[in-house]
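Model, not experiment: these values are computed from the prediction.
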Amino acid sequence: MMSRWSRPWSRRAFLAAGSGTAAVLGLGTTWALTASEEFPALRAKWRTLILGEGFDPAAEPFRSRLADLGGTAGRYLATMAPAAGSLWPDLVYADREPDTDEESYAFSSRLNGSYGRLGTLAQAYCQPGTGLTGDPRVRDALLTGLGHLHDDVYHAGQVPYGNWYNWQIGIPQALLDLCVLLYDALPPARLAGFLAAVDHFVPESVVAGYTGNSTGANRVDLCRVLALRGAVGADADKVALARDALSPVFRYVTSGDGLYADGSFIQHRSVPYTGSYGAVLLGGLGLLFALLAGSGWEVTDPGRQHVFDAVERAWAPFVYDGLVMDGVSGRAISRGRAAGSRLQQDDHTRGHAVLAAITLLGQGASAAESARWRGLVKGWMERDRTSPPLADPTLSVPHLARLKAVQDDASVAAVPEPTGHRLFPCMARATHRRPGWAASLSMADRRISHYETGDGENLRGWHTGAGMLYWWAASGGDQYSDAFWPTVDPYRLPGTTVSRKVLADGAGGDWGAAKPDVHWVGGATDGQRAAVGQYLKGLLSSLRAKKSWFFLDDAVVCLGAGITCADGTAVETTVDNRNLGAAGDAPFTADGTARSAGAAWSRTLTGAGWAHLGGHGGYVFPGGATVRALREARDGSWSLIDKGGSTAVLTRTYQTLYVDHGTDPTDATYAYVLLPGATVEATRARAADTGWLSVLANSNRLQGVSVPSAGFTGVNFWFGGTAGALTASDPCCVVVCEKADGTAVIVVSDPMRMRTGLTVTWRRAVTAVMSAPATLVSSATGAELTLTFGDLSGTAGAGQQVTVGLG
């Protein structure tokens, strides 16, 4: 049965759905007359939103930014040369064989870029302090350029080619912004032609169903086009359609694109995208909420509260000291620097965009929510010493103005980074935060792609879903932003187990096409500690493995078992691969012996008990292990992983620790403990404390650990069984956290989403079950605890928490 939001809707149906809002606002049959008086106000508000307000153009960072804007615009003004097929000689958009192949994508991107340059000219014309403010030469060039692009290609009747995004989102957004900024200077006939072009490429049918390209962030972008089309063309129905077509974005989804109840955000059906498309969604909604607030089309759907709740449920967990974690940025991780560009994109610049979007969204939220978010943003800004947001050259002037206002607001107290663990089973991701460090885990399953490539981007992200464990210590804020992606060995990403089988660029297919056929991926957490597991199947490989992570107060315990492969190549587990920057002089110590901090070297550490990397952290190998250690300088360029990237060669030094499982291993294992931010002394002491950790099991059937001093036990039951004091009847994940107050929390999850019944036994004296979820159908206490759960298949992998009193 189709849901309400999957059926095609006509504009009439959308207006009918919004009739309750219209009645509340007293619009009734006079709505069109009332609305017609509001269009100038909408255009004025949009002008303010895209130009910014409340900033001093003579003060930094605005003075320099506006001067740079003027310089860039001046170069565009001097080089504009309208000709058939181009507006600038270096941006030829004419496509002799128009279709949707890679070449046509490039041509449509250049057309989009041409409108983008006009947007830069318009900003320089309208903003103060650019040196071109109000310059009639700029105005005339804008009118000429807009007319040329319309007459030459972007007009009603033209057949689009290349990337649909450019024709339906990128170009019309830029064009409509230009129409607002130049509204009084545009001849009516010209304006009508521009609007007809938008209607041609972005018909109302693009929001008729919540499907295809019209979902999530793309849906918000399309609604922005429709809303601005209505404001510029004085079309009340268009604005109402844009408002009402937003409603599907607010609903929690259970598959495909959108926000999930657990805080996950998916775009392109199977790619975690909180940090990229998610930022677009937040920013776009912030703009539309602000634009329509107080008008006859104000967004009043109560579902929008889900978006406000998601600021701290979905976005904040992935923002750390101003950066947004790469594990939720999809193919955007490869966009470090475009060919010919001076601007660097990385986890910090993407994070700054999220900060600015949250600040903007606050304008449409409650006063309490807005105040809380401003505190979060202020804290992130203060702690981002690696890449201060107000010095970010990729931020627009309006974004800078919003963030500067937060920084200067003495009434806003900076909120510290939270501590705790968050699991996102619907997108196979997890984050862990402790004082002074944070970690993020990326996995893949039958719903979530190994990685995403497409449009020539992220060509070697093959193994980012193979259990990549990102982590940041106090001094590691540039670990993944300092040319990591173009220089790292893509077969040795931190935390991953991979086959060295050579993969072609873009292997597995575009747009997240490659997904492993596995069900058991997920875990359980009490909100502070966690057990997480991944049944790993390699990309285009015979590799199989069971991987587990146990997230604790000052450590992450990592286990691997059942590592089997028949590719005819070596299989490796990368304990870590730290980016040491261009200098690469961090000292490395193994079992008390220091290695060269500078020159390249390679060692096999036989029977290694522990290792330490200065300024980063420590590693402990329970029971000893044979580990390969490698210090090497690696060259690379952005163009190797992104066809539109810079060809400039970059060099970074890496300290790599990895376990070589050999060629075609059978049931190989590994075990190590990661200690982010630990000193040499703390690492040595942890290795010497043999009673701190007990590995209960590390096999193809179950993996588990116990840390008595923390009262923690975690077990991933791949097939059910017994580990220590825990027994499970079927596959599941179990976490036990014993408290100092005589209680314990047991969290049980069904990562496979298949259990219709499950029994878990804990051989520990328990006096009473104090709280339990509805899924618990019976329990027995006494010398041991038995928990019997009913149907867990509908829990979406979420943990079921039971609190008990201990005997």
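- Between Phe551 and His421, a ring centre-to-centre spacing shorter than 6.0 Å is recorded.
- Look at Arg372 and Glu369 and you find no salt bridge, because none of the NZ, NE, NH1 or NH2 atoms lies under 4.0 Å from a carboxylate O.
- The side-chain heavy atoms of Val412 and Trp373, taken from C-beta on, include no pair separated by under 4.5 Å.
- No donor-acceptor pair under 3.5 Å is formed between the side chain of Lys739 and the backbone N or O of Val745.
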>> Walk me through whether Asp326 and Trp485 qualify under side chain to side chain donor-acceptor pair (under 3.5 Å).
In response: CA-CA 10 Å; Asp326 278 348; Trp485 294 107; 2.8 Å; yes
> Would Tyr115 and Asp177 count as a side-chain contact (heavy atoms from CB on, under 4.5 Å) if you check the C-alpha gap in whole Å, the side-chain angles of each, and the deciding distance to 0.1 Å?
Replying inline: CA-CA 10 Å; Tyr115 276 96; Asp177 285 354; over 6 Å; no
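- Tyr260 has its ring centre no less than 6.0 Å from the ring centre of Phe265.
- Checking side-chain atoms of Ser64 against main-chain N and O of Pro61 turns up no donor-acceptor pair under 3.5 Å.
- When only modelled atom types and interatomic distance are considered, Thr72 and Arg75 share a side-chain donor-acceptor pair under 3.5 Å.
- A donor-acceptor contact shorter than 3.5 Å is absent between the side chain of Lys378 and the backbone of Leu403.
- Within the 4.5 Å cutoff, side-chain heavy atoms of Asn218 are placed close to those of Gln267.
- Of the inter-residue distances, the one linking Leu287 atom CG with Lys45 atom NZ reads 12.0 Å to the nearest 0.5 angstrom.
- We find that Asp553 and Arg529 are joined by a salt bridge, their nearest charged nitrogen and carboxylate oxygen being less than 4.0 Å apart.
- Taking each heavy atom of Arg422 and Pro317 in turn, the nearest pair found is NH1-CG, 3.5 Å.
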>> Run the side-chain contact (heavy atoms from CB on, under 4.5 Å) test on Arg251 and His306 for me, step by step, so that the C-alpha distance in whole Å, both residues' side-chain angles and the decisive distance to 0.1 Å come before the verdict.
In response: CA-CA 7 Å; Arg251 313 292 191 250; His306 288 162; 5.6 Å; no
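- Side-chain contact annotation: Asp392 with His348, donor-acceptor N/O pair under 3.5 Å absent.
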> Can Asp301 and Arg243 be said to form a side-chain contact (heavy atoms from CB on, under 4.5 Å), step by step?
Replying inline: CA-CA 9 Å; Asp301 186 328; Arg243 175 200 62 200; over 6 Å; no
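- Within the 4.5 Å cutoff, the side chain of Leu66 has heavy atoms near those of the Phe55 side chain.
- For Gln127 (side chain) and Gln123 (main-chain N/O), no donor-acceptor pair under 3.5 Å exists by modelled atom type.
- Taking the ring centre of Phe484 as origin, the terminal cationic atom of Arg652 falls outside the region bounded by 6.0 Å and 45° from the ring axis.
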>> Walk me through whether Leu580 and Asp585 qualify under side-chain contact (heavy atoms from CB on, under 4.5 Å).
In response: CA-CA 7 Å; Leu580 306 184; Asp585 55 0; over 6 Å; no
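- Ring-centre distance between Tyr320 and Trp380: not below the 6.0 Å cut-off.
- Expressed to the nearest 0.5 Å, how far CZ of Arg402 lies from CG of Leu360 amounts to 4.5 Å.
- Classification of Asp642 and Arg335 as a salt-bridged pair fails, no side-chain N sitting under 4.0 Å from a carboxylate O.
- Within the 4.5 Å cutoff, no side-chain heavy atoms of Ser481 are placed close to those of Leu323.
- A perpendicular orientation is assigned to the rings of Tyr273 and Tyr277, their planes being inclined by more than 60° (bins at 30° and 60°).
- Looking only at distances, no side-chain donor or acceptor of Ser341 sits under 3.5 Å from a matching main-chain atom of Ala338.
- Looking only at atom types and distance, the side chain of Gln528 has a donor-acceptor partner in the side chain of Arg434 under 3.5 Å away.
- Separation of atoms CG (Leu281) and CG (Leu259) is listed at 6.5 Å; rounding is to 0.5 Å.
- A side-chain donor-acceptor contact under 3.5 Å links Asp257 and Thr215.
- Aromatic pair Phe318/Phe424: centroids less than 6.0 angstrom apart.
- Taking the ring axis of Trp471 as reference, the NZ or CZ atom of Arg578 stays within 45° of it and closer than 6.0 Å to the ring centre.
- Within the 6.0 Å centre-distance limit, the rings of His432 and Trp437 are counted as a close aromatic pair.
- Checked by atom type and distance alone, the side chain of Ser334 pairs as donor or acceptor with a backbone atom of Asn458 at under 3.5 Å.
- Closest heavy-atom contact between Ala357 and Ala279: CB-O, 4.1 Å.
- Side-chain contact check for Met381 versus Leu355: some heavy-atom pair is nearer than 4.5 Å.
- Asp526 and Gln801 share no donor-acceptor pair across their side chains, judged by distance under 3.5 Å alone.
- Here the side chains of Leu441 and Met468 are not in contact, with every heavy-atom distance at 4.5 Å or above.
- Between Leu181 and Ala122, the shortest heavy-atom distance links the atoms CD1-CB, 3.9 Å.
- Here the rule is side-chain contact (heavy atoms from CB on, under 4.5 Å) with Ile358, and of Val311, Leu376, Val406 only Val311 fits it.
- Between the side chains of Gln345 and Arg350, a donor-acceptor pair is found at a separation under 3.5 Å.
- A cation-pi contact links Arg304 to Phe289, judged by a cut-off of 6.0 Å to the six-membered ring centre and 45° from its axis.
- Aromatic ring pairs are classed by plane angle as parallel below 30°, tilted from 30° to 60° and perpendicular above 60°; the pair Phe39 and Trp297 is parallel.
- If you take CG on Leu613 and CG on Leu675, they are separated by 12.5 Å, rounding to the nearest 0.5 Å.
- For Arg385 and Asp478, the salt-bridge test fails: no basic side-chain N is under 4.0 Å from an acidic carboxylate O.
- The CG atom of Leu228 lies 6.5 Å from the CG atom of Leu291; values are rounded to the nearest 0.5 Å.
- In this structure, the side chain of Arg65 engages the main chain of Leu395 through a donor-acceptor pair within 3.5 Å.
- No side-chain donor-acceptor contact under 3.5 Å links Glu417 to the backbone of Pro435.
- Taking the side chain as every heavy atom from C-beta outward, Leu343 and Arg337 never approach each other to under 4.5 Å.
- Remark: the backbone N or O of Thr679 is paired with a side-chain donor or acceptor of Thr683 at under 3.5 angstrom.
- Arg139 is listed as a side-chain neighbour of Tyr125, based on a closest heavy-atom distance under 4.5 Å.
- Between Phe250 atom CZ and Asp309 atom CG the span is 12.5 Å, to the nearest 0.5 Å.
- Heavy-atom minimum distance, Ala314 versus Gly263: CB-O, 3.1 Å.
- Side-chain contact annotation: Ser442 with Arg429, donor-acceptor N/O pair under 3.5 Å present.
- Of the possible donor and acceptor atoms, one in the side chain of His352 sits under 3.5 Å from a partner among the backbone N and O of Ser387.
- Closest of all the heavy-atom pairs between Met427 and Thr274 is CE-OG1, 3.6 Å.
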